[in-house]
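Structure first, commentary second.
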2 protein chains.
Amino acid sequence: MLCKICKAKGKREKAVIFIRHHRLALCKKHFLEWFQKQTLKTIKHFSMFKKNEKIGVAVSGGKDSLSLWQLLTEAGFETVGIHISLGIDTEDYSKKSLNLCQKLAEKINKPLIVFDLKKEFEHTIEEIAKLSGRKDICSICGTFKRYIMNKVALKENLYAIATGHNLDDESAVLLSNTIRWEIGYLGRQYPVLHEREGFARKVKPFCFLTEKEIVSYAILKGIDFMETGCPNAKMATSPAYKQALAYLEHKMPGTKLRFYKEFLKKAKPIFEKETKEEYDLTPCKICGMPTTADICSVCRILEKIRGVDA
Amino acid sequence: MLCKICKAKGKREKAVIFIRHHRLALCKKHFLEWFQKQTLKTIKHFSMFKKNEKIGVAVSGGKDSLSLWQLLTEAGFETVGIHISLGIDTEDYSKKSLNLCQKLAEKINKPLIVFDLKKEFEHTIEEIAKLSGRKDICSICGTFKRYIMNKVALKENLYAIATGHNLDDESAVLLSNTIRWEIGYLGRQYPVLHEREGFARKVKPFCFLTEKEIVSYAILKGIDFMETGCPNAKMATSPAYKQALAYLEHKMPGTKLRFYKEFLKKAKPIFEKETKEEYDLTPCKICGMPTTADICSVCRILEKIRGVDA
């Protein structure tokens, strides 16, 4: 297959990727251009952030977040990487993840802030889950990650935290919330989460790009990334929704993109009206971070582990 | 596996069916009881119709509609079958369908009204589609079926038309409308469609029962039904949505029922508010049936075929 853009210019260049739902075959050069343009369009459309604003990129070591960091940096944004080291030993998962983030930081010559759970809280994420007696490690891990990201954003005075969530992630979460008709979640799901008292602004510049497109970008850009997912995530249900969408996408190319875009345009405003933010935030009595209770959920878990409440 | 109800009574009876999402194994007797009870509960919950009201059951010759007719009749409702003979020759489809409806009519001793397209309109549905130059035969067929059902309901003074739509149908339509965020359709999808000037009341008493449950009922009740679908329906997209839901159901039993029930409870009222019926109905200048235009779509197609507009 030939690159569509080269062909239009009378040149014959082999395509490296075929983006089925856009019916677009592109060579390396034009794919990388297209990919960056799509990302910048999303940033602009949702007024995510501007050139003079300092952005934290949450980097896990995976293809999505590392690609995002390199792209934003190359596009001239003021970025800093933030990596949370969870202390997962299985297959050296956390050590390898950190190394890949450090490697990219050197390559693009940008600072990487590392938050080491074991150092800061005396325990790895698996120890925290075990000691607190909770089996849902993914949910605990999410709570800690959100907490730490907010804390770092505050400390470093960041305008926003950018995450590598892609179209496959966003459409799977959307399908999951839709199948269960979680009106509250549906009213809030959006590529931008606005900042409020102590909560950082969160943005998802890759929300319209697929996993396949991002992995192609990462490979063509020579980015080294973790190819295996977190060893603790095996029990997650989102793969089922991803599979169901992959099937529909296969039968009807463009399903995922249309599903998510039409949601943002037509359904999200309707659900938003039904979604009332009923809670008030106060500073946590221990750490000072915003919470709906006296003590925030992270401090509550940490206190329990330290035996204060035990 | 043993029947759960028999077991609770201290008896050991082999189950003929296991309803996975209810974790319910039942013998023939208790399954048939359960199935009828579920249907009657749905009829009552949505105030579909009562014992003294004359109901038309739209029978195609398939498992759903024939099972519904037999069940409603046995439960003591005043029923009449309505069959539209489309004139489809492939595999003797229409002839076989009619025979199966007639066979059940005799068995349950109820009248069957047959509307023969060729006799009434001089053409079979395939001829109508071809002559009118439209390729979407399923959509034309739907238009004609709705029109004829309304006409028969009016003529026979029926309180409602009951159709055999099941949970697999309803959840697939729901998923299709949701994936495309068709707010208008979502605001209207419901087990009851209320009557209005010339449009009959439509009800779906099987909307919470699965295809598997209905086919089991039909077999256990000795109902002969068409095992092949319409030969023209091969191109329909709904099988893709059915497949995607079947996959989610397999991974998470109860998905389909929860998806549809939660929709009716939580989402449908929200979409309904956004859905305005903006059209006015006037009698068709040719046939007198209600329409939003001067001439209804069926008369328009028939006129075109007859060469008036051609």
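Protein chains get the first letters and strands the later ones, always in sequence-line order, with residue 1 at the start of each.
Only the side chain of B/Tyr247 comes within less than 4.5 Å of a heavy atom of chain A; its backbone N, CA, C and O stay farther away. For chain A, the nearby parts of B/Lys266 are the backbone and the side chain; heavy atoms of each come within less than 4.5 Å.
Other residues, nucleotides and ligands contribute over 12 non-hydrogen atoms within 6.0 Å of the NZ atom of A/Lys63. The 12-atom threshold is not exceeded at NZ of A/Lys41, counting heavy atoms of other residues, nucleotides or ligands nearer than 6.0 Å. For NZ of A/Lys212, the number of neighbouring non-hydrogen atoms (other residues, nucleotides, ligands) closer than 6.0 Å is greater than 12. Counting non-hydrogen atoms of other residues, nucleotides and ligands closer than 6.0 Å to OH of A/Tyr185 gives a total of 12 or fewer.
A/Leu175 is listed as a side-chain neighbour of B/Leu175, based on a closest heavy-atom distance under 4.5 Å. Inter-residue side-chain proximity for B/Leu245 and A/Ile179 is flagged as met; some heavy-atom pair is nearer than 4.5 Å. Here the side chains of B/Lys268 and A/Trp181 are not in contact, with every heavy-atom distance at 4.5 Å or above.
Residues B/Leu248 and A/Ala240 come closest through the heavy atom pair CD2-O, 3.6 Å. Looking at every heavy atom in both residues, A/Lys273 comes nearest to B/Glu274 through NZ-OE2, 2.7 Å.
One finds the CD1 atom of A/Ile183 at 9.0 Å from the CD atom of B/Glu262 (value rounded to the nearest 0.5 Å).
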B/Lys251 vs A/Tyr241, side-chain contact (heavy atoms from CB on, under 4.5 Å): CA-CA, chis, key distance, verdict: CA-CA 10 Å; B/Lys251 289 281 174 186; A/Tyr241 295 108; over 6 Å; no
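In this structure, the ring of A/Phe271 has its center less than 6.0 angstrom from the ring center of B/Phe271.
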